[in-house]
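Okay, so here's the structure we're looking at.
Order of the sequence lines sets the chain letters (A, B, ...), proteins ahead of strands, with each chain counted from 1.
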There are 2 protein chains.
Amino acid sequence: MSTSLSNAPYHHGNLRHALLDAALLMLQRDGEAGLGLRDLARAVGVSPAAPYRHFDSRAALLEALAVTGFQRFTAAMNAVAASQPPDLLAAMGQAYVRFALDNAALFRLMFSPQLKRDNRPGLRMAADAAFATLRQVRDGDSASGRIAALAAWAKVHGLAVLLLDGQIALQPGEDIEALIGAIIGQH
Amino acid sequence: MSTSLSNAPYHHGNLRHALLDAALLMLQRDGEAGLGLRDLARAVGVSPAAPYRHFDSRAALLEALAVTGFQRFTAAMNAVAASQPPDLLAAMGQAYVRFALDNAALFRLMFSPQLKRDNRPGLRMAADAAFATLRQVRDGDSASGRIAALAAWAKVHGLAVLLLDGQIALQPGEDIEALIGAIIGQH
DNA sequence: GAGGGATGTTGACACTGCTTACTTCTCGAT
DNA sequence: ATCGAGAAGTAAGCAGTGTCAACATCCCTC
(Lines give C-alpha, C1' and ligand atoms only; values in the text may rest on other atoms or scores of the structure.)
Protein backbone atom coordinates (compact mmCIF):
# COMPACT_ATOMS: atom_id res chain seq x y z
CA MET A 1 0.00 0.00 0.00
CA SER A 2 2.95 2.28 -0.41
CA THR A 3 1.62 4.05 -3.47
CA SER A 4 -2.03 4.02 -2.54
CA LEU A 5 -4.42 5.67 -0.11
CA SER A 6 -4.67 8.28 -2.82
CA ASN A 7 -4.77 6.95 -6.34
CA ALA A 8 -2.38 9.67 -7.48
CA PRO A 9 1.18 8.39 -7.69
CA TYR A 10 3.93 10.38 -6.13
CA HIS A 11 5.46 11.09 -9.49
CA HIS A 12 3.02 12.65 -11.82
CA GLY A 13 4.31 10.92 -14.90
CA ASN A 14 4.32 13.71 -17.42
CA LEU A 15 3.92 16.82 -15.38
CA ARG A 16 5.42 19.11 -17.95
CA HIS A 17 2.89 18.13 -20.56
CA ALA A 18 0.01 18.28 -18.09
CA LEU A 19 1.09 21.76 -17.02
CA LEU A 20 1.15 23.05 -20.57
CA ASP A 21 -2.28 21.58 -21.28
CA ALA A 22 -3.80 23.09 -18.18
CA ALA A 23 -2.05 26.38 -18.85
CA LEU A 24 -3.60 26.56 -22.31
CA LEU A 25 -7.07 26.04 -20.87
CA MET A 26 -6.45 28.63 -18.19
CA LEU A 27 -5.09 31.05 -20.74
CA GLN A 28 -8.19 30.75 -22.88
CA ARG A 29 -10.42 31.31 -19.86
CA ASP A 30 -8.65 34.04 -17.91
CA GLY A 31 -6.08 35.58 -20.22
CA GLU A 32 -2.38 35.88 -19.65
CA ALA A 33 -2.64 37.92 -16.48
CA GLY A 34 -4.91 35.33 -14.87
CA LEU A 35 -2.42 32.54 -15.42
CA GLY A 36 -0.84 32.00 -12.01
CA LEU A 37 1.61 29.24 -11.26
CA ARG A 38 -0.15 28.47 -7.99
CA ASP A 39 -3.53 28.13 -9.64
CA LEU A 40 -1.91 26.06 -12.34
CA ALA A 41 -0.32 23.70 -9.86
CA ARG A 42 -3.62 23.44 -8.02
CA ALA A 43 -5.44 22.61 -11.24
CA VAL A 44 -3.02 19.81 -12.05
CA GLY A 45 -3.03 18.58 -8.48
CA VAL A 46 0.56 19.14 -7.41
CA SER A 47 2.27 21.42 -4.97
CA PRO A 48 2.93 25.07 -5.82
CA ALA A 49 6.65 24.54 -6.26
CA ALA A 50 6.42 21.47 -8.47
CA PRO A 51 6.27 23.41 -11.76
CA TYR A 52 9.69 24.85 -11.02
CA ARG A 53 11.20 21.42 -11.69
CA HIS A 54 10.14 21.88 -15.30
CA PHE A 55 10.12 25.63 -15.86
CA ASP A 56 12.62 28.07 -14.44
CA SER A 57 10.03 30.78 -14.01
CA ARG A 58 6.58 31.87 -14.94
CA ALA A 59 8.03 33.59 -18.01
CA ALA A 60 9.66 30.33 -19.07
CA LEU A 61 6.33 28.56 -18.92
CA LEU A 62 4.66 31.27 -20.96
CA GLU A 63 7.48 31.05 -23.45
CA ALA A 64 7.06 27.29 -23.76
CA LEU A 65 3.35 27.79 -24.29
CA ALA A 66 3.98 30.38 -26.99
CA VAL A 67 6.50 28.07 -28.63
CA THR A 68 3.90 25.32 -28.94
CA GLY A 69 1.63 27.94 -30.48
CA PHE A 70 4.23 28.82 -33.09
CA GLN A 71 4.75 25.15 -33.83
CA ARG A 72 1.06 24.63 -34.46
CA PHE A 73 1.06 27.78 -36.55
CA THR A 74 4.00 26.53 -38.57
CA ALA A 75 2.25 23.22 -39.15
CA ALA A 76 -0.89 24.96 -40.33
CA MET A 77 1.03 27.17 -42.75
CA ASN A 78 3.10 24.31 -44.11
CA ALA A 79 -0.02 22.26 -44.63
CA VAL A 80 -1.46 25.02 -46.79
CA ALA A 81 1.75 25.40 -48.76
CA ALA A 82 1.98 21.65 -49.29
CA SER A 83 -1.52 21.47 -50.70
CA GLN A 84 -0.42 23.75 -53.57
CA PRO A 85 -3.57 25.86 -53.88
CA PRO A 86 -4.12 27.98 -57.01
CA ASP A 87 -3.56 31.26 -55.16
CA LEU A 88 -0.94 30.47 -52.54
CA LEU A 89 -0.82 33.88 -50.92
CA ALA A 90 -4.58 34.11 -50.51
CA ALA A 91 -4.84 30.62 -49.10
CA MET A 92 -2.10 31.28 -46.58
CA GLY A 93 -3.80 34.49 -45.62
CA GLN A 94 -7.04 32.66 -44.97
CA ALA A 95 -5.24 30.07 -42.87
CA TYR A 96 -3.41 32.84 -41.01
CA VAL A 97 -6.58 34.60 -39.95
CA ARG A 98 -8.41 31.39 -39.21
CA PHE A 99 -5.61 30.24 -36.94
CA ALA A 100 -5.74 33.51 -35.07
CA LEU A 101 -9.50 33.29 -34.56
CA ASP A 102 -9.46 29.62 -33.59
CA ASN A 103 -6.61 30.09 -31.10
CA ALA A 104 -7.32 33.60 -29.92
CA ALA A 105 -5.65 33.54 -26.53
CA LEU A 106 -2.66 31.62 -27.79
CA PHE A 107 -2.23 33.92 -30.77
CA ARG A 108 -2.22 36.92 -28.50
CA LEU A 109 0.34 35.28 -26.25
CA MET A 110 2.56 34.50 -29.23
CA PHE A 111 2.75 38.20 -30.04
CA SER A 112 2.67 39.41 -26.46
CA PRO A 113 5.02 42.33 -25.84
CA GLN A 114 5.64 40.95 -22.35
CA LEU A 115 7.35 37.91 -23.74
CA LYS A 116 9.26 39.92 -26.30
CA ARG A 117 10.58 42.17 -23.56
CA ASP A 118 12.80 39.58 -21.92
CA ASN A 119 13.73 38.17 -25.28
CA ARG A 120 14.10 34.48 -24.76
CA PRO A 121 16.00 32.80 -27.58
CA GLY A 122 13.57 29.89 -27.78
CA LEU A 123 10.66 32.12 -28.63
CA ARG A 124 12.63 34.03 -31.21
CA MET A 125 13.70 30.80 -32.88
CA ALA A 126 10.19 29.37 -32.93
CA ALA A 127 8.83 32.60 -34.37
CA ASP A 128 11.50 32.70 -37.05
CA ALA A 129 10.79 29.10 -37.98
CA ALA A 130 7.10 29.86 -38.17
CA PHE A 131 7.62 32.76 -40.54
CA ALA A 132 10.18 30.96 -42.64
CA THR A 133 7.56 29.76 -45.09
CA LEU A 134 6.06 33.22 -45.31
CA ARG A 135 9.41 34.85 -45.86
CA GLN A 136 10.17 32.34 -48.57
CA VAL A 137 7.04 33.25 -50.48
CA ARG A 138 7.64 36.86 -49.66
CA ASP A 139 11.23 37.63 -50.49
CA GLY A 140 11.48 35.34 -53.46
CA ASP A 141 11.30 37.81 -56.28
CA SER A 142 12.03 41.42 -57.06
CA ALA A 143 12.08 44.40 -54.75
CA SER A 144 8.60 45.50 -55.75
CA GLY A 145 7.47 41.94 -55.07
CA ARG A 146 8.84 42.22 -51.55
CA ILE A 147 6.82 45.36 -50.94
CA ALA A 148 3.68 43.67 -52.25
CA ALA A 149 4.23 40.65 -50.06
CA LEU A 150 4.94 42.81 -47.00
CA ALA A 151 1.73 44.69 -47.69
CA ALA A 152 -0.17 41.42 -47.93
CA TRP A 153 1.32 40.19 -44.67
CA ALA A 154 0.48 43.43 -42.90
CA LYS A 155 -3.09 43.27 -44.19
CA VAL A 156 -3.60 39.71 -43.05
CA HIS A 157 -2.02 40.26 -39.65
CA GLY A 158 -3.92 43.47 -39.09
CA LEU A 159 -7.16 41.78 -40.06
CA ALA A 160 -6.51 39.01 -37.57
CA VAL A 161 -5.73 41.45 -34.78
CA LEU A 162 -8.67 43.73 -35.46
CA LEU A 163 -11.09 40.81 -35.63
CA LEU A 164 -9.64 39.40 -32.44
CA ASP A 165 -10.18 42.71 -30.69
CA GLY A 166 -13.74 42.96 -31.95
CA GLN A 167 -12.80 46.17 -33.68
CA ILE A 168 -14.38 45.20 -36.99
CA ALA A 169 -18.12 44.95 -36.57
CA LEU A 170 -20.01 42.53 -38.76
CA GLN A 171 -22.99 43.90 -40.60
CA PRO A 172 -26.26 42.09 -39.89
CA GLY A 173 -26.36 38.71 -41.57
CA GLU A 174 -22.79 38.99 -42.77
CA ASP A 175 -20.67 35.85 -42.83
CA ILE A 176 -17.26 36.29 -41.28
CA GLU A 177 -15.58 33.82 -43.61
CA ALA A 178 -16.95 35.67 -46.61
CA LEU A 179 -15.73 38.96 -45.17
CA ILE A 180 -12.25 37.58 -44.63
CA GLY A 181 -12.17 36.19 -48.13
CA ALA A 182 -13.33 39.46 -49.63
CA ILE A 183 -10.77 41.53 -47.75
CA ILE A 184 -7.93 39.17 -48.57
CA GLY A 185 -9.01 39.02 -52.19
CA GLN A 186 -8.98 42.80 -52.33
CA HIS A 187 -5.86 44.10 -54.02
CA MET B 1 6.10 76.24 10.35
CA SER B 2 3.17 73.88 10.20
CA THR B 3 3.75 72.82 6.64
CA SER B 4 7.51 72.62 6.79
CA LEU B 5 10.23 70.38 8.15
CA SER B 6 9.75 68.61 4.84
CA ASN B 7 9.19 70.92 1.93
CA ALA B 8 6.49 68.59 0.53
CA PRO B 9 3.02 69.86 1.33
CA TYR B 10 0.44 67.44 2.63
CA HIS B 11 -1.71 67.87 -0.42
CA HIS B 12 0.07 67.22 -3.65
CA GLY B 13 -1.83 69.76 -5.72
CA ASN B 14 -2.69 67.82 -8.83
CA LEU B 15 -1.94 64.25 -7.96
CA ARG B 16 -4.12 62.70 -10.63
CA HIS B 17 -2.28 64.49 -13.40
CA ALA B 18 1.10 63.76 -11.85
CA LEU B 19 0.22 60.09 -11.56
CA LEU B 20 -0.75 59.85 -15.21
CA ASP B 21 2.43 61.60 -16.30
CA ALA B 22 4.64 59.37 -14.21
CA ALA B 23 2.68 56.31 -15.33
CA LEU B 24 3.33 57.17 -18.97
CA LEU B 25 7.05 57.42 -18.33
CA MET B 26 7.05 54.19 -16.38
CA LEU B 27 5.04 52.50 -19.10
CA GLN B 28 7.52 53.51 -21.77
CA ARG B 29 10.41 52.28 -19.67
CA ASP B 30 9.11 49.03 -18.16
CA GLY B 31 6.00 48.05 -20.07
CA GLU B 32 2.55 47.45 -18.70
CA ALA B 33 3.57 44.63 -16.39
CA GLY B 34 6.24 46.80 -14.76
CA LEU B 35 3.79 49.53 -13.90
CA GLY B 36 3.12 49.04 -10.21
CA LEU B 37 0.93 51.27 -8.13
CA ARG B 38 3.43 51.25 -5.31
CA ASP B 39 6.34 52.20 -7.55
CA LEU B 40 4.17 54.84 -9.10
CA ALA B 41 3.24 56.33 -5.75
CA ARG B 42 6.90 56.25 -4.75
CA ALA B 43 7.92 58.03 -7.95
CA VAL B 44 5.41 60.81 -7.34
CA GLY B 45 6.30 60.98 -3.67
CA VAL B 46 3.07 59.93 -2.01
CA SER B 47 1.97 56.97 0.04
CA PRO B 48 1.05 53.66 -1.61
CA ALA B 49 -2.65 54.10 -1.03
CA ALA B 50 -2.87 57.69 -2.23
CA PRO B 51 -3.61 56.80 -5.87
CA TYR B 52 -6.85 55.17 -4.75
CA ARG B 53 -8.31 58.60 -4.09
CA HIS B 54 -8.16 59.16 -7.85
CA PHE B 55 -8.38 55.71 -9.40
CA ASP B 56 -10.56 52.88 -8.16
CA SER B 57 -8.00 50.27 -9.11
CA ARG B 58 -4.88 49.63 -11.10
CA ALA B 59 -7.06 48.75 -14.07
CA ALA B 60 -8.84 52.08 -13.78
CA LEU B 61 -5.52 53.90 -13.94
CA LEU B 62 -4.45 51.93 -16.99
CA GLU B 63 -7.79 52.70 -18.57
CA ALA B 64 -7.38 56.41 -17.93
CA LEU B 65 -3.93 56.23 -19.47
CA ALA B 66 -5.25 54.45 -22.53
CA VAL B 67 -8.03 56.99 -22.85
CA THR B 68 -5.52 59.82 -23.02
CA GLY B 69 -3.78 57.81 -25.73
CA PHE B 70 -6.96 57.55 -27.77
CA GLN B 71 -7.52 61.26 -27.33
CA ARG B 72 -4.08 62.07 -28.70
CA PHE B 73 -4.68 59.60 -31.49
CA THR B 74 -7.99 61.24 -32.33
CA ALA B 75 -6.34 64.64 -32.42
CA ALA B 76 -3.64 63.36 -34.76
CA MET B 77 -6.15 61.84 -37.13
CA ASN B 78 -8.39 64.88 -37.14
CA ALA B 79 -5.41 67.09 -37.85
CA VAL B 80 -4.63 65.05 -40.94
CA ALA B 81 -8.23 65.12 -42.11
CA ALA B 82 -8.45 68.85 -41.56
CA SER B 83 -5.39 69.51 -43.69
CA GLN B 84 -7.21 68.03 -46.69
CA PRO B 85 -4.31 66.18 -48.30
CA PRO B 86 -4.61 64.97 -51.92
CA ASP B 87 -4.85 61.31 -50.92
CA LEU B 88 -6.72 61.30 -47.62
CA LEU B 89 -6.58 57.58 -46.99
CA ALA B 90 -2.83 57.35 -47.60
CA ALA B 91 -2.12 60.37 -45.41
CA MET B 92 -4.18 58.99 -42.57
CA GLY B 93 -2.43 55.67 -42.91
CA GLN B 94 0.94 57.36 -42.64
CA ALA B 95 -0.20 59.25 -39.55
CA TYR B 96 -1.63 56.03 -38.09
CA VAL B 97 1.65 54.14 -38.35
CA ARG B 98 3.70 57.10 -37.26
CA PHE B 99 1.59 57.54 -34.14
CA ALA B 100 2.07 53.88 -33.29
CA LEU B 101 5.84 54.09 -33.69
CA ASP B 102 6.14 57.37 -31.80
CA ASN B 103 3.99 56.17 -28.91
CA ALA B 104 4.84 52.49 -28.91
CA ALA B 105 4.07 51.59 -25.32
CA LEU B 106 0.92 53.69 -25.24
CA PHE B 107 -0.30 52.25 -28.52
CA ARG B 108 0.15 48.75 -27.21
CA LEU B 109 -1.73 49.64 -24.05
CA MET B 110 -4.58 51.11 -26.08
CA PHE B 111 -5.07 47.75 -27.76
CA SER B 112 -4.16 45.64 -24.76
CA PRO B 113 -6.36 42.56 -24.42
CA GLN B 114 -6.08 42.91 -20.64
CA LEU B 115 -7.98 46.15 -20.69
CA LYS B 116 -10.51 44.86 -23.17
CA ARG B 117 -11.20 41.89 -20.92
CA ASP B 118 -12.86 43.87 -18.15
CA ASN B 119 -14.55 46.07 -20.67
CA ARG B 120 -14.66 49.46 -19.14
CA PRO B 121 -17.13 51.77 -20.85
CA GLY B 122 -14.75 54.72 -20.83
CA LEU B 123 -12.19 52.93 -22.94
CA ARG B 124 -14.78 51.71 -25.39
CA MET B 125 -16.15 55.22 -25.80
CA ALA B 126 -12.72 56.73 -26.31
CA ALA B 127 -11.84 54.08 -28.86
CA ASP B 128 -15.10 54.60 -30.74
CA ALA B 129 -14.54 58.33 -30.80
CA ALA B 130 -11.03 57.79 -32.10
CA PHE B 131 -12.20 55.63 -34.95
CA ALA B 132 -15.15 57.84 -35.81
CA THR B 133 -13.15 59.73 -38.40
CA LEU B 134 -11.86 56.51 -39.90
CA ARG B 135 -15.31 54.97 -40.03
CA GLN B 136 -16.60 58.09 -41.70
CA VAL B 137 -14.07 57.79 -44.49
CA ARG B 138 -14.59 54.08 -44.53
CA ASP B 139 -18.30 53.45 -44.67
CA GLY B 140 -19.13 56.43 -46.78
CA ASP B 141 -19.82 54.77 -50.08
CA SER B 142 -20.83 51.45 -51.57
CA ALA B 143 -20.42 47.97 -50.14
CA SER B 144 -17.33 47.27 -52.20
CA GLY B 145 -15.94 50.55 -50.92
CA ARG B 146 -16.43 49.30 -47.40
CA ILE B 147 -14.40 46.20 -48.16
CA ALA B 148 -11.64 48.26 -49.69
CA ALA B 149 -11.55 50.58 -46.71
CA LEU B 150 -11.54 47.68 -44.24
CA ALA B 151 -8.65 46.15 -46.18
CA ALA B 152 -6.78 49.45 -45.99
CA TRP B 153 -7.39 49.71 -42.27
CA ALA B 154 -6.24 46.15 -41.69
CA LYS B 155 -3.09 46.77 -43.71
CA VAL B 156 -2.19 49.93 -41.84
CA HIS B 157 -2.92 48.45 -38.43
CA GLY B 158 -1.05 45.26 -39.22
CA LEU B 159 1.91 47.25 -40.48
CA ALA B 160 1.98 49.23 -37.27
CA VAL B 161 1.83 46.13 -35.10
CA LEU B 162 4.44 44.21 -37.07
CA LEU B 163 6.83 47.15 -37.05
CA LEU B 164 6.26 47.62 -33.34
CA ASP B 165 7.10 43.98 -32.72
CA GLY B 166 10.22 44.19 -34.84
CA GLN B 167 8.78 41.53 -37.07
CA ILE B 168 9.53 43.38 -40.28
CA ALA B 169 13.27 43.60 -40.77
CA LEU B 170 14.65 46.58 -42.62
CA GLN B 171 17.03 45.83 -45.45
CA PRO B 172 20.45 47.49 -45.11
CA GLY B 173 20.26 51.17 -45.82
CA GLU B 174 16.50 51.15 -46.11
CA ASP B 175 14.55 54.12 -44.81
CA ILE B 176 11.62 53.18 -42.62
CA GLU B 177 9.52 56.13 -43.74
CA ALA B 178 10.02 55.17 -47.36
CA LEU B 179 9.07 51.59 -46.61
CA ILE B 180 5.88 52.66 -44.87
CA GLY B 181 4.99 54.91 -47.74
CA ALA B 182 5.64 52.19 -50.29
CA ILE B 183 3.53 49.64 -48.45
CA ILE B 184 0.67 52.03 -47.89
CA GLY B 185 0.83 53.16 -51.50
CA GLN B 186 0.63 49.55 -52.63
CA HIS B 187 -2.89 48.68 -53.75
C1' DG C 1 -13.65 80.70 12.98
C1' DA C 2 -16.19 76.07 13.16
C1' DG C 3 -17.90 72.20 10.39
C1' DG C 4 -17.41 69.18 6.29
C1' DG C 5 -15.71 67.21 2.32
C1' DA C 6 -11.83 66.20 -0.23
C1' DT C 7 -7.17 64.50 -0.03
C1' DG C 8 -3.22 61.75 1.85
C1' DT C 9 -1.28 58.43 5.50
C1' DT C 10 -0.84 54.37 8.19
C1' DG C 11 -1.26 49.64 9.01
C1' DA C 12 -2.82 45.41 7.73
C1' DC C 13 -4.83 41.51 4.82
C1' DA C 14 -4.71 38.24 1.23
C1' DC C 15 -2.39 37.02 -2.60
C1' DT C 16 1.44 36.38 -5.89
C1' DG C 17 6.03 34.61 -7.88
C1' DC C 18 9.93 32.74 -6.25
C1' DT C 19 13.55 30.34 -3.28
C1' DT C 20 15.52 27.04 0.01
C1' DA C 21 15.79 22.87 2.68
C1' DC C 22 13.77 18.62 2.96
C1' DT C 23 11.41 14.05 1.86
C1' DT C 24 10.11 10.47 -1.37
C1' DC C 25 10.48 7.88 -5.27
C1' DT C 26 12.87 5.81 -9.66
C1' DC C 27 16.41 3.55 -11.90
C1' DG C 28 20.81 2.07 -13.53
C1' DA C 29 25.50 0.43 -12.13
C1' DT C 30 27.49 -2.95 -9.49
C1' DA D 1 19.13 -8.01 -5.47
C1' DT D 2 20.94 -3.80 -3.68
C1' DC D 3 22.18 0.61 -2.99
C1' DG D 4 23.21 5.14 -3.97
C1' DA D 5 22.67 9.19 -7.31
C1' DG D 6 19.56 12.12 -8.85
C1' DA D 7 14.90 13.22 -10.41
C1' DA D 8 10.25 14.56 -8.60
C1' DG D 9 7.50 16.52 -5.26
C1' DT D 10 6.65 18.81 -0.51
C1' DA D 11 6.55 22.27 3.11
C1' DA D 12 7.70 26.63 4.85
C1' DG D 13 8.77 31.12 4.13
C1' DC D 14 10.55 35.51 1.75
C1' DA D 15 9.70 39.90 -0.54
C1' DG D 16 6.57 42.33 -3.15
C1' DT D 17 1.90 43.38 -4.85
C1' DG D 18 -3.13 45.38 -5.05
C1' DT D 19 -6.48 46.65 -2.00
C1' DC D 20 -9.08 48.21 1.93
C1' DA D 21 -10.54 50.43 6.42
C1' DA D 22 -9.50 53.66 9.88
C1' DC D 23 -7.18 57.78 10.92
C1' DA D 24 -4.84 62.45 10.05
C1' DT D 25 -4.56 66.67 7.61
C1' DC D 26 -5.71 70.32 4.77
C1' DC D 27 -8.78 73.63 2.19
C1' DC D 28 -13.07 75.80 1.47
C1' DT D 29 -17.55 77.42 2.56
C1' DC D 30 -21.04 79.19 5.62
From CG of Asn14(B) across to P of dA6(C) the rounded distance in Å is 16 Å

To the nearest Å, how far apart are Arg53(A) CZ and dT24(C) C1'? 12 Å

Counting distance alone, no hydrogens or angles: does the base of dG18(D) have a donor or acceptor under 3.5 Å from a partner atom on the side chain of Arg58(B)? no

Take atom NE2 of His54(B) and atom C1' of dG5(C), then tell me their distance rounded to the nearest Å. 14 Å

Can you check the Glu32(A) CD to dT16(C) P distance for me, whole Å? 16 Å

Is there side-chain contact between Lys155(B) and Trp153(A), with heavy atoms separated by less than 4.5 Å? no

CZ of Arg42(B) versus C1' of dT17(D): gap in Å, rounded? 10 Å

Taken to the nearest whole Å, OH/Tyr52(B) to P/dT10(C) is 17 Å

Nearest-nucleotide pick for Ser47(A), side chain only, options being dT20(C), dG9(D), dG11(C): dG9(D)

Between residues 34-41 of chain B and DNA chain C, which residues have a heavy-atom gap below 4.0 Å? Arg38(B)

What class does the angle between the rings of Phe73(A) and Phe70(A) fall in, given that below 30° is parallel, 30 to 60° is tilted and above 60° is perpendicular? perpendicular

Between Phe55(B) (CZ) and dC20(D) (C1'), how many Å, whole number? 18 Å

Pairwise side-chain contact, Gln167(A) with Phe131(B), heavy-atom cut-off 4.5 Å (strictly under): yes

Within this structure, what is the CG-to-P distance between Asp56(B) and dC20(D), rounded to whole angstrom? 8 Å

Spacing of Arg117(B) atom CZ and Glu32(A) atom CD [to the nearest 0.5 Å]: 10.5 Å

Side chains of Leu150(A) and Ile168(B) in contact at under 4.5 Å (non-hydrogen atoms): yes

Counting N and O atoms only, with roles assigned by atom type, does the side chain of Arg58(B) sit under 3.5 Å from a partner on the main chain of Leu35(B), one being a donor and the other an acceptor? yes

